[in-house]
Amino acid sequence: MSTVSTDHDTMKYDDVMAVFEPVIGLETHVELGTNSKMFCSCPTAFGAEPNTQVCPVCLGMPGSLPVVNRMAVESTIRMGLALNCSIAPWCRFARKNYFYPDMPKDYQISQYDEPLCFDGYLDVLVDTDDGPRLFRVEIERVHMEEDTGKLTHAGGATGRIHGADYSLVDYNRAGIPLIEIVTKPIAGTGALAPAVAKAYVTELRDLMRSLEVSDVRMEEGSLRCDVNVSLNRPGDEWGTRSETKNVNSLRSVERAVHSEIERQGALLESGGRVIQETRHFHEDTGRSTSGRSKEQAEDYRYFPEPDLVPVAASAEWIEELRGTLPELPSLKRARLQLEWGIGEHELATIVNAGALELVESAVAAGVTPDAARKWWTGELLRVANDREVELADLPVTSAQIRRVEALVADGSLNDKLARQVFDGIISGEGDVDDVIAGRGLAIVSDDSSLIAAIDEALAAQPDVADKIRGGKVQAAGAIVGAVMKATRGQADAAKVRALLLERLGVVE
Ligand code: ADP
Ligand code: MG
Ligand code: ZN
């Protein structure tokens, strides 16, 4: 793997926050889950042989004409409604002109000054040290456009165009419907800016999944974010923003905001000026490098697309679509909180861990809400962070959590052993029972071996033994601890304690 050296200094995050206020803005592109492309009937399935899902329209052949995909318009309107937007009664597509081989027409059909949906908002909850805080993220616009083809730069070390010997192009993706959701500038988050950005994209993803407009497979690149960041001193006007392109995971959204704040802080503190440019985020270093200086809208020579009729959604159609909106994630969370009997803070922890769906499916599989929450936001989250993967990508199933929970409940495992079971599953040692057998994990429950261990511990700490005999029951902890250590954690601590007190003839 290539390592990309950074071209900039950074300043510690907290030091930046002591001097500056951040403003962020997010542009999110999502591939819609329609069966056919935006302006032709080519299929959209992921992973086909390159250039097999193409036709004269999406290859930009002379004389071919686009036709709008009704499903894509419906999905965009439903998304707009869910984001509390106004829906334009009449709007047009626009040509965005540029020459680059990823678009065979030499222009992209998009929307410009007449987006289909505009002026909405999305409320997001961010977990803070002082409990959950609600932020209202205002939505500027939601519009439709088509995706570009995919370029693969071969022969170089970095996979990028610089240093490559040649480039390959796959037009299967060209023309897949996208929606772009653009926020208004988000100010007033202070140091929580990275967390707000992540919470917003998470909420957006969940919203799209609940509407079934996209299944948002991030690992396939079906959701991409451009992250805008600027800094200003309190009381000053907003600063110049940079735009970090194609940030492809929830975790990266948070990291990209964080690192850009550190970069701009250092730059501004040393008397420099932020230039309006695009930057590229590098997963491996968590930092970005400069891309190109930002082109202006004029550069694209936008004009209304002459080959397409305007989209004019009637009020009845919009109301009909409103009627198809499912339970939205924010309401669903309120319901789950009641059903699971948990507090707002606990729910925020689940949501912020990106674990809501995982906990839900565990509960649906028969795990108690408490156990599902405990494992997904505790040990499993820790492992995911350690391994720098998304929680949902851990190879742990609801059925496995249920099995572990049952074994803990009947005393065959304790929490410590249960953690080892998950470690084994994640390390590919098989299912729950395979790991238990393979690692020899079982609570030592036979009394005689526990009593032997207790006697040994008492002999090693006679003074403690005397204290307990003399009625200082609190001192029992030291002996229980020694027995747990001797059995490498494979004993039930409560049982050891009971046996110990019985052995010393102490009644509590
Ligand atoms: P462009 O096409 O140039 O990227 P857009 O209007 O599509 O412009 O998106 C710009 C994004 O940057 C929006 O999300 C907007 O809210 C955000 N933004 C605008 N000004 C600032 C600023 N000063 N600091 C941070 N973000 C900003
Ligand atoms: Mg942009
Ligand atoms: Zn086509």
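Each ligand, and each atom within it, is numbered from 1 in the order the structure gives.
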Sequence neighbours excluded, every pair satisfying side-chain hydrogen bond (donor to acceptor under 3.5 Å, both in side chains) that has a member inside residues 247-256: S249-S252, S252-E283

N-O pairing of D14 and K12 below 4.0 Å: no

Of the protein N/O/S atoms, how many lie under 2.8 Å from the Zn ion (ligand 3): 4

Side-chain donor-acceptor pair present, N228, E27, cut-off under 3.5 Å: yes

Candidate with minimal heavy-atom separation from atom 17 (C) of ligand 1, of G25, A193, P22: G25

Indicate every side-chain donor-acceptor pair of residues 38-52 with a distance under 3.5 Å to a residue at least two apart or in another chain.
{"unit_1": "T44", "atom_1": "OG1", "unit_2": "T34", "atom_2": "O", "d": "2.7"}
{"unit_1": "T44", "atom_1": "OG1", "unit_2": "N35", "atom_2": "O", "d": "3.2"}
{"unit_1": "N51", "atom_1": "OD1", "unit_2": "Y171", "atom_2": "N", "d": "2.6"}
{"unit_1": "N51", "atom_1": "ND2", "unit_2": "V169", "atom_2": "O", "d": "3.0"}
{"unit_1": "T52", "atom_1": "OG1", "unit_2": "E49", "atom_2": "O", "d": "2.7"}

V182 N/O to ligand 1 N/O under 3.5 Å: no

Check: T324/R78 side-chain N/O donor and acceptor closer than 3.5 Å: yes

Close-contact set for ligand 1 against K184 heavy atoms, below 4.0 Å: 16 (O)

Enumerated ligand 1 atoms positioned under 4.0 Å from heavy atoms of V23: 24 (N), 25 (C)

P185 neighbourhood, listing ligand 1 atoms whose heavy-atom distance to it stays under 4.0 Å: 16 (O), 19 (C)

Those atoms of ligand 1 less than 4.0 Å from some heavy atom in E243: 4 (O)

Distance-only polar pair, side chains of S222 and E31, donor-acceptor under 3.5 Å: no

T240 and ligand 1 - part of the residue with a heavy-atom distance under 4.0 Å: neither

Backbone of Y107 reached by a side-chain donor or acceptor of R95 within 3.5 Å: no

Of all pairs that satisfy ring-ring contact (aromatic ring centres under 6.0 Å, His included), the ones with a partner from residues 302-322, not counting sequence neighbours: Y112-Y302, Y300-Y302

Closest to atom 2 (O) of ligand 1 (judged by heavy-atom distance), picking from E237, K245, E27: E27

Atoms in ligand 1 flagged as close to L26, the criterion being non-hydrogen separation under 4.0 Å: 14 (O)

Mode of I24 contact toward ligand 1 - side chain, backbone, both, neither (heavy atoms, under 4.0 Å): backbone

Flag for E260-T244: side-chain donor and acceptor within less than 3.5 Å: no

SB check D147 R224 (cutoff 4.0 Å): yes

Pick from V227, T183, V229: the one approaching atom 13 (C) of ligand 1 most closely through a non-hydrogen atom: T183

S167 versus H153, side-chain donor and acceptor atoms under 3.5 Å: yes

Heavy-atom pair with the smallest gap, counting every atom of N232 and G239: CB-N, 3.9 Å

Contact check: S230 vs ligand 1, nitrogen or oxygen atoms, below 3.5 angstrom: yes

Proximal atoms of ligand 1 relative to G239 (non-hydrogen, under 4.0 Å): 23 (N)

Closest to atom 10 (C) of ligand 1 (judged by heavy-atom distance), picking from R141, E180, E138, R241: R241

Salt bridge present between R209 and E357 (N-O < 4.0 angstrom): yes

